[in-house]
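What follows is a single structure, written as structure tokens, with notes after it.
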Number of protein chains: 2
Amino acid sequence: MPKNCNFVDKLREIGLRPTKQRVKLCELLFLREKTFHFTINDLVKKISDEMNEKISLATVYNTVHAFQKKGYLKEIAINSDKTYYDTNTSIHHHFYDEETHELIDCNQNDIDSINLKKNIPGKKIKSVEVLIKVASDNQNQN
Amino acid sequence: MPKNCNFVDKLREIGLRPTKQRVKLCELLFLREKTFHFTINDLVKKISDEMNEKISLATVYNTVHAFQKKGYLKEIAINSDKTYYDTNTSIHHHFYDEETHELIDCNQNDIDSINLKKNIPGKKIKSVEVLIKVASDNQNQN
DNA sequence: CAACAGTTTAGAATAATTATAATGTATAAT
DNA sequence: ATTATACATTATAATTATTCTAAACTGTTG
């Protein structure tokens, strides 16, 4: 979702009704310089803390799913009980800090291209993404 | 956990009491040629279907966590509400079939070595693992 | 403005996982 | 061998993330 844009029109364009809640969430999610990694709970907290608003939990779930479906949010695979999302929807990689549970983007050009020598017969490759787990030191590997 | 081994002794060696349930689970998990990917529910089902036994759900959770802690099982990161485990505890990669939800191992030597150009200051890299999503065709990327 | 379809909402329902507390069992010391 | 003890198992309750539901609400279209 482009920054500095009229979210009302933008939402209409992509076939979602521009409700108050959706516009608020757009502002929270897409008016940012850096890509943003979050869980549903992070969002709910930010809405009440930073925007002094209240959007029902169900709506946050609905809206995040709608944006994901339209391709403006991406679900990130990490070992967690919660689901993480990213405003960077391109195919890219992540550092995952095992101590702070923070995600940091690692773009395609931060990694030499990955060359697969194996494939699955009858299947096409949809994405190849790397998860780099980091920790300060004497941490166990998983 | 080595194949063809006396699980009673092995469990004692690694500091876990060799209870009936743990030995049964060892047999189910580690007496295999290929690496085994599973969820807790897969295990519970296999115990009753293939072994005609009943081990309580809590014990399955406890035991899987104990084995994981001791380094004999590895948690796999994929987008799922369930947690996946792998008997292959080495650092390695996975194909994830978006249609069948099946995991397939992809060893380190099936991929040219990954060269990171970026790092996180003050943090050590603990693992670098690749998830390759596959599907038969006209499937969306995520 | 009226009518309709799409949205929001609170709260119920579900599903995975973890905690609890009573009972059972492997083990080390007697 | 027996017993005491610490560790395990179990059924069940509790918790947490997520999804469903049905009623109230709101953009949009005519």
Side-chain angles (χ1 to χ4, degrees), chain A residues 6-29 37-48 51 53-70 72-73 75-85 101 103 142, chain B residues 6-29 37-48 51 53-70 72-73 75-85 101:
Chain A
N6 179 340
F7 291 120
V8 174
D9 292 347
K10 191 67 197 166
L11 282 166
R12 234 187 308 256
E13 274 170 39
I14 67 173
L16 293 174
R17 279 195 188 167
T19 63
K20 284 191 286 296
Q21 294 85 345
R22 285 175 178 170
V23 173
K24 276 285 162 211
L25 280 168
C26 279
E27 291 167 1
L28 186 55
L29 290 171
H37 300 101
F38 62 92
T39 66
I40 296 292
N41 246 311
D42 293 340
L43 267 195
V44 174
K45 199 166 233 161
K46 270 184 190 291
I47 294 158
S48 78
M51 309 192 99
E53 300 266 343
K54 153 127 177 92
I55 301 179
S56 92
L57 185 61
T59 301
V60 179
Y61 272 103
N62 289 341
T63 306
V64 165
H65 288 159
F67 291 173
Q68 182 191 6
K69 201 167 178 181
K70 295 290 182 180
Y72 295 101
L73 288 176
E75 202 179 326
I76 305 301
I78 47 168
N79 302 109
S80 173
D81 45 342
K82 297 170 192 68
T83 305
Y84 279 75
Y85 294 91
H101 304 115
L103 276 171
N142 206 28
Chain B
N6 180 340
F7 290 120
V8 173
D9 291 346
K10 191 68 196 164
L11 282 167
R12 232 187 307 255
E13 273 169 39
I14 66 173
L16 292 174
R17 282 195 185 165
T19 62
K20 282 192 288 296
Q21 293 85 346
R22 286 175 177 171
V23 173
K24 276 283 163 213
L25 279 168
C26 279
E27 290 168 2
L28 186 55
L29 290 171
H37 301 102
F38 62 91
T39 66
I40 296 290
N41 245 311
D42 293 341
L43 266 196
V44 173
K45 199 165 233 161
K46 270 185 189 293
I47 294 158
S48 78
M51 309 193 98
E53 300 268 344
K54 154 127 177 94
I55 300 179
S56 91
L57 185 59
T59 300
V60 178
Y61 272 103
N62 289 341
T63 306
V64 165
H65 289 158
F67 290 174
Q68 182 190 5
K69 200 167 180 182
K70 295 290 181 181
Y72 294 102
L73 287 176
E75 202 179 326
I76 305 301
I78 48 169
N79 303 110
S80 174
D81 46 341
K82 296 169 194 70
T83 304
Y84 278 76
Y85 294 91
H101 304 114

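By convention in this document, chain letters (A, B, ...) are assigned in the order of the sequence lines, proteins followed by strands, and residues within each chain are numbered from 1.
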Side chain to side chain donor-acceptor pair (under 3.5 Å) involving A/Thr59 - partner list, sequence neighbours excluded: A/Ser56
Does a nitrogen or oxygen in the side chain of [X] sit under 4.0 Å from OP1 or OP2 of [N]?
X	N	answer
B/His65	C/dT18	yes
A/Gln21	D/dT26	no
A/Lys20	D/dG27	yes
B/Thr83	C/dA16	no
B/Tyr61	C/dT18	no

Between [options], which nucleotide has the shortest distance from any of its atoms to the side chain of [X]?
X	options	answer
A/Thr59	D/dT10, D/dG27, C/dT8	C/dT8
A/Lys82	C/dG6, D/dA17, C/dA16	D/dA17
A/Ile40	C/dA26, C/dT8, D/dT18	D/dT18

Note, A/Thr63 side chain near A/Thr19 side chain (heavy atom, < 4.5 Å): no
Beyond-backbone contact of B/Phe38 with B/Lys45, side-chain heavy atoms, under 4.5 angstrom: no
Rounded off to whole Å, could you give me the [atom1]-to-[atom2] distance for the [X] and [N] pair?
X	N	atom1	atom2	answer
A/Lys54	C/dG11	NZ	C1'	11 Å
A/Phe38	D/dT18	CZ	P	12 Å
A/Asn62	D/dA22	CG	P	16 Å
B/Glu53	D/dT9	CD	C1'	14 Å
B/Lys45	C/dA15	NZ	C1'	14 Å
B/Asp81	C/dT18	CG	P	14 Å
B/Ile47	D/dT9	CD1	C1'	13 Å
B/Leu57	D/dA14	CG	P	17 Å

Would you indicate what [X] reaches in the nucleic acid, counting non-hydrogen atoms under 4.0 angstrom: base, sugar-phosphate, or nothing?
X	value
B/Thr19	sugar-phosphate
B/Ile55	sugar-phosphate
A/Thr39	nothing

Distance check, rounded to the nearest 0.5 Å: [X] atom [atom1] versus [Y] atom [atom2]?
X	Y	atom1	atom2	answer
B/Lys24	B/Lys54	NZ	NZ	15.5 Å
B/Lys46	B/Leu25	NZ	CG	12.5 Å
B/Asn62	B/Arg22	CG	CZ	8.0 Å

Residue mapping more 5' on DNA chain C - nearest nucleotide basis, B/Leu16 or B/Ala58: B/Ala58
Given DNA chain C, 5'-ward residue of the pair A/Arg22 and B/Arg17, judged by closest heavy atom: A/Arg22
Heavy-atom closest pair, residues A/Val44 and A/Leu57: CG2-CD1, 3.9 Å
Donor-acceptor under 3.5 Å (A/Lys70 side chain, A/Ile14 main chain): yes
Degree of bending, the helix from C/dC1-D/dG30 to C/dT30-D/dA1 (end axes from five pairs; round to 10°): 20°
